[in-house]
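Heads up: the structure comes next, in structure tokens.
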Amino acid sequence: MAADPHARAVRELFDDGEVREVLRETFYRAETPSRTVAKTTPEAEPSSGKRKRVQKPKPDHYEIICISMYKEDLARLDEKVAALKARGHRRMTRSALIRWALDQIENLETVPRGI
């Protein structure tokens, strides 16, 4: 009886070292500032059918974070991003608008308490 091709594909997927690192959460605690991320490329496929991996350096000038915001604040942020895009700021994003707003605060003493 032949092995189930879907089960084999799942085994091959989870056999990858990087996947095991992510599942163990060691991937996110790496000490190296510029981790390399493996990308598969369709060209140069070996005869085994597996794709060749090309190592690309992962950017280390930013971090992906998660913040919580009230729905009303997110709606206001999205409205402002949409208005700026309508004015011609084609590449405006939530992150870009938040970075710009941070740059506007010169003196922390002027920020009201209780915000």
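Numbers for residues simply follow the sequence, beginning at 1.
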Using a side-chain heavy atom cutoff under 4.5 Å and only I, L, V, M, F, W and Y, what cluster partners does Ile64 have? Tyr62
Residues which pass side chain to side chain contact (heavy atoms under 4.5 Å, CB included) with [X], listed by chain and number, not counting sequence neighbours:
X: Lys85; value: Val81, Met92
X: Ser95; value: Thr93, Arg99
X: Arg90; value: none

For Asn107, enumerate each residue passing the side-chain hydrogen bond (donor to acceptor under 3.5 Å, both in side chains) test, keeping only those at least two apart in sequence or located in another chain. none
Could you tell me which residues satisfy salt bridge (Lys or Arg N to Asp or Glu O under 4.0 Å) with Asp103, sequence neighbours excluded, listed by chain and number? none
Can you list every pair that meets salt bridge (Lys or Arg N to Asp or Glu O under 4.0 Å) and has a residue in residues 105-115, with sequence neighbours left out? none
Sequence neighbours left out, what pairs pass salt bridge (Lys or Arg N to Asp or Glu O under 4.0 Å) with at least one residue falling in residues 61-75? Asp73-Arg76
Looking at CD of Glu79 and CG of Leu84, how far apart are the two atoms once the value is rounded to the nearest 0.5 Å? 12.0 Å
